[in-house]
Amino acid sequence: MTASGPRPSIWGYAGRGVVVGFVVFIVWGFVSPILIERDKYEYFGFTWINLFGWEAIGVIGGLALGAVAISRHDARVRAAADTQRVAAGRLERERHAEQRRQLEERISGYAARAEREFTGLPTTLTQAADLHDEALEHFREGAYSPFWSAIERAFVLLGTYNAALRTIQTCADDHARTRQSYLAGGGSPDVVAPFPVTLVAAEATGAAEPVAAALRTLAYRAQKDPVYAQIWEQRRTTAAVVQGFTSLEHAVGSLATTVQQSTLGLVHELRSVGAGVGRATDAITTTATEAERSRDAAATQLRTTVERAVWLLDDHRQRAAGWRT
């Protein structure tokens, strides 16, 4: 059964032709003797010749009508099938287009979140480095409680910094996997947002490691003093103050190594998914379309933002190196 109804039977039309032929035979049998001369009666009226003749005409006519009906039915069925295929194709294209749009949004979301996290790293590290200088000043002045307060706040910031590195690594993995699905579904690599954090940028995040090491060294120096050590004993088991660590003591002892591992993990992740990283640095071409020029302008701005953050991180690395001299 289709939208055009069941397919007609040619034998059904032949049967109808038999019935019509018989009816015509009966009518002809009564009418023809009146209309036709008597001496020609043997060719008309109720004769076997007329019966077989009209039946043959009826069957032939029924078969002809059946063939026409079947042909028209098949044409309607083909037209309906073509319409359904076109509609199904359109729906399938729309479905794929919607899937690609959703994937594009997810890819852009991963890239945007990674950019926010990365460009926020210099500010977080600046605050932590300033707290190192503040703690050092308190240490020189013998301000015990303010010293440990500055140390604690610095490690809280470094815990946030380390969490941001982990988030960027997760975004890089999600960005790469989603991009692969997008391309496998027919998407264009020139449309998706590139991952903003390059290998150079990832390597620059190691600037937090010497800051954390310097803070750990300063805290160790303070613990040699009996008064500082007494206050430290009151603070070291403070729980859930540094993100990702069970206590302040745990953070002071291992955060520098943890940040180093996070940096190495991020670098390794970006090397693994390098196909989708760094396209933000593509040059603007003179033959580019307006959309391409707009996209390249955004990419150039993104590159400038990331490079600025890298420069700030490198500046902190040099600053921390000066602490060690």
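Residues: numbered from 1 along the sequence shown. Note: hydrogens, waters and symmetry copies are ignored here, and every other heavy atom, side chains too, is used.
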(request) Could you tell me whether the side chain of Phe155 reaches within less than 4.5 Å of the side chain of Thr160, counting heavy atoms only? (result) no
(request) With sequence neighbours excluded, tell me which residues meet side chain to side chain donor-acceptor pair (under 3.5 Å) with Thr126. (result) His316
(request) Please report the closest heavy-atom contact between Tyr161 and Thr205, naming both atoms and the distance. (result) OH-O, 2.7 Å
(request) Answer whether the closest heavy-atom distance between the side chains of Pro122 and Trp311 falls below 4.5 Å. (result) no
(request) Enter the distance from Thr170:OG1 to Glu269:CD here, rounded to the nearest 0.5 Å. (result) 8.0 Å
(request) Starting at OG1 of Thr257, measure out to CD of Gln261 and round the result to the nearest 0.5 Å. (result) 6.5 Å
List, one per line, each side-chain donor-acceptor pair under 3.5 Å for residues 136-151, sequence neighbours excluded.
unit_1: His138; atom_1: NE2; unit_2: Glu134; atom_2: OE2; d: 3.4
unit_1: Trp148; atom_1: NE1; unit_2: Tyr228; atom_2: O; d: 3.0

(message) Hydrophobic clustering (ILVMFWY, side-chain heavy atoms < 4.5 Å, transitive) - are Val197 and Tyr110 grouped together?
(response) no
(request) Search all heavy atoms of Asp174 against all heavy atoms of Thr178 and return the closest pair with its distance. (result) O-OG1, 2.7 Å
(request) Search all heavy atoms of Gln243 against all heavy atoms of Ala163 and return the closest pair with its distance. (result) NE2-CB, 3.4 Å
(message) Quick one: does any side-chain atom of His175 pair with a main-chain N or O of Ala193 as donor and acceptor, under 3.5 Å?
(response) yes
(message) For a side chain to side chain contact (heavy atoms under 4.5 Å, CB included) check, start with the C-alpha distance between Leu121 and Leu165, then their side-chain angles and the critical distance, and finish with the verdict.
(response) CA-CA 9 Å; Leu121 292 179; Leu165 294 185; 3.8 Å; yes
(request) Give a yes or no on whether Leu125 and Leu264 share a hydrophobic cluster (residues Ile, Leu, Val, Met, Phe, Trp, Tyr; joining criterion: side-chain heavy atoms under 4.5 Å apart). (result) no
(request) Take Val211 and Arg216, measure what side chain to side chain contact (heavy atoms under 4.5 Å, CB included) needs, and give me the verdict at the end. (result) CA-CA 9 Å; Val211 176; Arg216 180 184 60 195; over 6 Å; no
(message) So, taking the atom named CG in Leu266 and the one named NE2 in His268, what distance separates them when rounded to the nearest 0.5 Å?
(response) 11.0 Å
(message) For Ala172 versus Leu270, what's the shortest heavy-atom pair and its separation?
(response) CB-CD2, 3.8 Å
(request) Report yes or no: do Leu312 and Val200 belong to one cluster of Ile/Leu/Val/Met/Phe/Trp/Tyr joined by side chain heavy-atom distances under 4.5 Å? (result) no
(request) Could you tell me the separation between the CD atom of Glu105 and the CG atom of Leu103, rounded to the nearest 0.5 Å? (result) 9.5 Å
(request) Give the intermediate values and the outcome of side chain to side chain contact (heavy atoms under 4.5 Å, CB included) for residues Val252 and Tyr220. (result) CA-CA 9 Å; Val252 171; Tyr220 180 74; over 6 Å; no
(request) Identify the two heavy atoms, one from Val267 and one from Ala202, that lie closest to each other, and give their separation to 0.1 Å. (result) CG2-CB, 3.8 Å
(message) Quick check for you: to the nearest 0.5 Å, what is the distance between Arg153 atom CZ and His132 atom NE2?
(response) 14.0 Å
(request) State whether Glu92 and Arg95 are salt-bridged, where the test is any N-O pair (Lys NZ or Arg NE/NH1/NH2 against Asp/Glu carboxylate O) under 4.0 Å. (result) yes
(message) Any non-hydrogen side-chain atom of Glu203 less than 4.5 Å from a side-chain atom of Thr263?
(response) no
(request) Would you please name every residue forming a side-chain contact (heavy atoms from CB on, under 4.5 Å) with Thr83, sequence neighbours left out? (result) none
(message) With a sphere of 6.0 Å drawn around NE2 of His96, does it hold more than 12 non-hydrogen atoms of other residues, nucleotides or ligands?
(response) yes
(message) Just checking Gln180: does its CD atom have more than 12 heavy atoms from other residues, nucleotides or ligands closer to it than 6.0 angstrom?
(response) no
(request) Might you work through the side chain to side chain contact (heavy atoms under 4.5 Å, CB included) test for Leu157 and Leu131, ending with a clear yes or no? (result) CA-CA 10 Å; Leu157 288 169; Leu131 284 170; 3.6 Å; yes
(message) Is there a side-chain contact between Asp225 and Trp232 in this structure, where contact means two heavy atoms from C-beta onward sitting under 4.5 Å apart?
(response) no
(request) Please check if any side-chain donor atom of Ser262 sits under 3.5 Å from a side-chain acceptor atom of Asn162, or the reverse. (result) yes
(message) Would you compute the distance between atom OG of Ser181 and atom CZ of Arg100 and round it to the nearest 0.5 angstrom?
(response) 13.5 Å
(request) Please report the shortest heavy-atom distance between Val310 and Ala204, naming the atom on each side. (result) CG1-CB, 3.8 Å
(message) Under a 4.0 Å threshold between the charged nitrogen and the carboxylate oxygen, would Arg101 count as salt-bridged to Glu98?
(response) yes
